K.L.:
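Next up is a structure, given as structure tokens.
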Number of protein chains: 2
Amino acid sequence: MNHSPMPTLLDVARKAGVSRSTASNAFSRPDVVRAEVREKVAKAALELGYLGPDPKAKLLRHGKVNAIGIVPPGEWGVADSLKNPVYHQFLSGVAEVCDEVGANLVIIPDRITNGGVGTALVDGFIFGRIEHLRDTEPARLRRLPFVVMDADAGPDISSVRVDARMGGYLAARHLVELGHRKFGIMSFLRGFGPTRYHPPGVPRGPEAAGMETDQEKLRGYAEALSEAGLDIADVPIVQAQPWDRDAARMMLDMAPEATAILSMAVMQGIAVLDEARRRGHSVPRDLSVVGFNEIPEAAKSTPSLTTVDGKAAEKGRMAARIIFDAGPIRRELLLPRLIVRSSTAPPSKG
Amino acid sequence: MNHSPMPTLLDVARKAGVSRSTASNAFSRPDVVRAEVREKVAKAALELGYLGPDPKAKLLRHGKVNAIGIVPPGEWGVADSLKNPVYHQFLSGVAEVCDEVGANLVIIPDRITNGGVGTALVDGFIFGRIEHLRDTEPARLRRLPFVVMDADAGPDISSVRVDARMGGYLAARHLVELGHRKFGIMSFLRGFGPTRYHPPGVPRGPEAAGMETDQEKLRGYAEALSEAGLDIADVPIVQAQPWDRDAARMMLDMAPEATAILSMAVMQGIAVLDEARRRGHSVPRDLSVVGFNEIPEAAKSTPSLTTVDGKAAEKGRMAARIIFDAGPIRRELLLPRLIVRSSTAPPSKG
DNA sequence: CAAAAATTTTGGATCGATCCAATATTTTCT
DNA sequence: AGAAAATATTGGATCGATCCAAAATTTTTG
């Protein structure tokens with residue numbers, strides 16, 4: 001193993017018999033150096049095993065890292081987020097744009113203690129679902145551009161989100177139009193709380209859903225229901241983590257007379273499909289199910305799942321572009337789309 | 001918006017009435033500064049909105065980035081890799097260790113042209129499946145530690161892989177022991193070639209599988225078959241991309257009399273399951289299927305898929321630890337494990 | 001209370017490059 | 001060929017911190 005110190009630009013310059021500046025130019029602004037000299041420098045570099053200007057030093061001079069930092073949703077660790085198929089979809093969107101511009105993608109664990117947003121070497125941040133705007137403070141102080149996902153953070157902060165209210169509305173209206181009148185809702189928990197059941201007859205406040213965007217979905221459900229003369233307060237709600245495998249069971253136990261289930265998650269929607277089959281119910285004859293967000297699994301489940309396309313990949317692409325374009329503040333609101341598949345049909349009973 | 005220049009350590013030092021060095025120590029070696037002075041500096045920093053030493057400058061001085069670079073498999077782009085569930089598993093393993101040590105995870109597009117391995121700001125690299133060892137050259141020249149996945153790269157380079165030959169052997173032996181004698185193999189392509197069919201009766205060279213690790217699987221298959229007095233040259237092989245949705249169809253078309261299919265990919269295994277059902281065959285009565293690699297989908301498919309656990313997450317954890325431990329070269333060989341589920345049974349015909 | 005020992009603080013050099021104004025060289029023009 | 005214009009090259013200053021040996025201060029000891 002060669003343990004001589006790493007060659008620097010100065011070494012190359014000396015070996016090629018030119019000044020540091022010329023050597024620097026040969027690499028970073030080749031057009032300004034005579035071809036002949038440029039080659040001499042290239043040859044010297046090759047012989048010394050010099051790979052080009054040290055990115056660390058380059059960085060210090062003009063601060064462009066060529067990387068984008070992703071902060072996964074606050075409530076989950078990095079590993080958990082990567083496992084979530086919807087988040088994954090979003091990441092692919094970001095990665096696509098990074099690929100285009102040749103930038104790196106840095107995944108930043110949310111630990112405040114050591115490093116994190118305060119010290120990560122990136123040109124900007126994409127915050128996935130934040131609990132408090134305060135989490136973005138280090139980014140602001142570092143004067144790095146950032147985008148907040150799934151929430152409107154006011155006129156001074158860029159944000160990308162999907163119209164969740166509209167998504168919820170589309171999902172519920174679809175079921176209402178098919179003739180359903182008895183519903184069950186699978187909602188999200190905020191943070192790490194235990195799975196929770198909300199019986200009918202109680203008004204639905206913000207505590208019946210997780211983050212802001214989930215409350216919007218609930219609002220959308222309520223709106224479509226109310227257009228049909230129904231009150232969401234009469235719909236039983238199960239609130240669980242997206243990966244909770246018992247939630248589907250609880251849902252069907254608690255709402256045995258429901259003919260349609262509205263799920264705020266795709267995976268929970270698919271879980272309901274599985275649980276219904278396990279109980280010998282036929283979907284969509286005995287039960288209709290609509291999920292939220294589109295992932296490949298939705299099309300491949302049996303039956304395939306009717307779901308709302310939450311445009312996760314598109315959100316990722318858009319967020320990345322906002323960072324790389326370095327333009328003014330942008331607040332984007334994407335429109336969701338209902339994808340009707342085989343898990344919904346008119347109710348047979350009732 | 002505040003557009004005054006970013007405050008530096010010097011500004012803080014001046015405001016606190018101490019020297020640069022003392023201010024620096026107050027942040028980076030607090031034990032060496034008197035508590036009283038330390039607080040004075042902290043107060044000055046707070047008032048100026050100074051967040052602590054600029055990571056960019058810190059970096060230049062002593063070069064520790066606190067991040068690990070991941071180079072996705074050469075033949076796919078970043079976005080494609082992230083979509084691959086097995087790669088995803090591997091990434092989760094890496095992320096887990098990064099979480100532990102509070103490091104960032106940098107995903108590096110494989111474009112050689114601009115940046116990439118030559119300039120990424122990381123402390124080390126994990127190369128996923130490389131075509132040529134030459135791709136790791138920039139890492140070596142930068143004297144950064146790196147690990148090569150899924151291939152043994154000799155005694156001077158750290159590597160982590162699973163014993164693919166053993167995995168193949170376990171899969172094929174399982175089927176042989178169940179009594180199968182007629183097989184079909186779904187293999188991988190190297191790079192971007194078109195889907196390819198290898199008829200029986202031709203000797204199987206390395207061109208019948210993709211990367212080194214896939215050739216090992218093939219060798220394992222051959223070994224178990226030969227123990228049962230069978231020649232792999234008589235087994236039809238379909239070579240396709242892991243995401244090719246037509247490969248399963250071709251496989252069943254080309255090997256209609258096969259009672260068992262050996263797939264080098266999980267997803268292709270599941271695709272065969274689907275295709276078989278579509279044709280009205282019953283798995284495992286009419287056809288047995290074994291996949292390679294374990295992902296959640298394998299347990300959830302109908303019927304659940306017998307597969308070889310390729311220890312993807314474990315590989316990720318191990319590779320990350322090798323980088324962070326900064327120890328000597330390590331060459332790890334993990335043992336695969338056969339997970340028997342419901343997609344395999346003795347053949348009914350034949 | 002002065003001298004010795006221990007603890008804090010300090011300025012200069014450094015990390016490896018880029019930028020800029022000044023200088024040197026080559027090319028173009030009359 | 002000599003002057004003017006265009007093009008290349010150069011050394012000094014700089015980016016924002018850390019390291020280190022020397023100087024200043026505080027604490028301990030005889």
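Computed from a predicted structure; not experimentally measured. Below, read A as the first sequence line, B as the second, and so on, with proteins coming before strands; counting in each chain starts at 1.
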K.L.:
Between Ala57(A) and Ala23(B), which has a closest nucleotide on DNA chain D that is more 5'?
P.N.:
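Of the two residues, Ala57(A) wins.
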K.L.:
For Leu10(A) and dA13(C), give me the distance from atom CG to atom P, rounded to whole Å.
P.N.:
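In whole Å, dA13(C) P lies 18 Å from Leu10(A) CG.
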K.L.:
Contacts to DNA chain D from residues 35-44 of chain A, heavy-atom cutoff under 4.0 Å, which residues?
P.N.:
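Val37(A), in order of number.
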K.L.:
Can you tell me the distance, in whole Å, between the NZ atom of Lys56(B) and the P atom of dA17(D)?
P.N.:
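Checked: the NZ to P distance equals 9 Å.
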K.L.:
Quick one: Asn25(B) CG to dC20(D) C1', roughly how many Å, whole number?
P.N.:
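Those two atoms, CG and C1', are 11 Å apart.
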K.L.:
Is there a side-chain contact between Ser19(B) and the phosphate of dT10(C), meaning an N or O under 4.0 Å from OP1 or OP2?
P.N.:
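True: Ser19(B) side-chain N/O within range (under 4.0 Å) of dT10(C) OP1/OP2.
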K.L.:
Less than 4.0 angstrom from a charged side-chain N to a carboxylate O is my criterion; do Lys315(A) and Asp150(A) meet it?
P.N.:
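The answer is yes: the pair qualifies as a salt bridge.
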K.L.:
Which pair of non-hydrogen atoms, one from Leu121(B) and one from Ala67(B), has the smallest distance, and what is that distance?
P.N.:
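Residues Leu121(B) and Ala67(B), closest heavy atoms: O-CB, 4.1 Å.
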K.L.:
Taking 4.0 Å as the cut-off, does a side-chain nitrogen or oxygen of Thr22(B) come that near to OP1 or OP2 on dT10(C)?
P.N.:
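Yes, such a contact exists.
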K.L.:
For dG16(D) and Tyr50(B) - does any side-chain N or O of the residue sit under 4.0 Å from the phosphate oxygens OP1/OP2?
P.N.:
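No, no such contact exists.
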K.L.:
Do you know the tightest heavy-atom contact between Arg143(A) and Pro7(B)?
P.N.:
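Here Arg143(A) and Pro7(B) meet closest at NH2-CD, 4.1 Å.
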K.L.:
Taking Ala120(A)'s backbone N and O only, do any of them form a donor-acceptor pair with Arg142(A)'s side chain (distance below 3.5 Å, no angle check)?
P.N.:
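Yes.
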K.L.:
Determine, stepwise, if the pair Glu47(B) / Lys43(B) fulfils salt bridge (Lys or Arg N to Asp or Glu O under 4.0 Å).
P.N.:
CA-CA 6 Å; Glu47(B) 282 171 18; Lys43(B) 189 160 142 287; 3.7 Å; yes
K.L.:
Distance check: side-chain N/O of Ser24(B) vs OP1/OP2 of dA17(D), anything under 4.0 Å?
P.N.:
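No, because none of the side-chain N or O atoms of Ser24(B) sits under 4.0 Å from OP1 or OP2 of dA17(D).
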K.L.:
Rounded off to whole Å, could you give me the CG-to-P distance for the Asp54(A) and dT18(C) pair?
P.N.:
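The distance from CG of Asp54(A) to P of dT18(C) comes to 10 Å, rounded to the nearest Å.
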K.L.:
By nearest heavy atom, map Lys58(B) and Arg34(B) onto DNA chain D; which one lands nearer the 5' end?
P.N.:
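Taking each residue's closest nucleotide, the earlier one in sequence belongs to Lys58(B).
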K.L.:
Starting the side chain at C-beta, find the nucleotide from dT18(C), dT10(C), dC15(C) nearest to Arg61(B).
P.N.:
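Shortest atom-to-atom distance from the side chain points to dC15(C).
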K.L.:
For the pair made of CG in Leu60(B) and C1' in dT18(D), what is the distance, rounded to whole Å?
P.N.:
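From Leu60(B) CG to dT18(D) C1': 10 Å.
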K.L.:
Ser158(A) side chain to Arg330(A) main-chain N or O, any donor-acceptor pair under 3.5 Å?
P.N.:
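Side chain of Ser158(A) to backbone of Arg330(A): a pair is present.
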K.L.:
Does any non-hydrogen side-chain atom of Lys15(B) lie less than 4.5 Å from one of Tyr50(B)?
P.N.:
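No, every pair of side-chain atoms sits at 4.5 Å or beyond.
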K.L.:
Is Thr8(B) close enough to dG16(D) that one of its side-chain N or O atoms is under 4.0 Å from OP1 or OP2 there?
P.N.:
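No, no such contact exists.
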K.L.:
Report the distance from atom NZ of Lys64(B) to atom C1' of dT18(D), rounded to the nearest whole Å.
P.N.:
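Between C1' of dT18(D) and NZ of Lys64(B): 17 Å.
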K.L.:
Among dA17(C), dG12(D), dA17(D), which nucleotide has an atom closest to any side-chain atom of Ser21(A)?
P.N.:
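Closest of the options to the side chain of Ser21(A): dG12(D).
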K.L.:
Round to a whole Å and report the spacing from CZ of Arg29(A) to C1' of dA8(D).
P.N.:
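Value for this atom pair: 11 Å.
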K.L.:
Round to the nearest Å and state the distance from Arg20(A) atom CZ to dT9(D) atom C1'.
P.N.:
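These atoms are roughly 12 Å apart.
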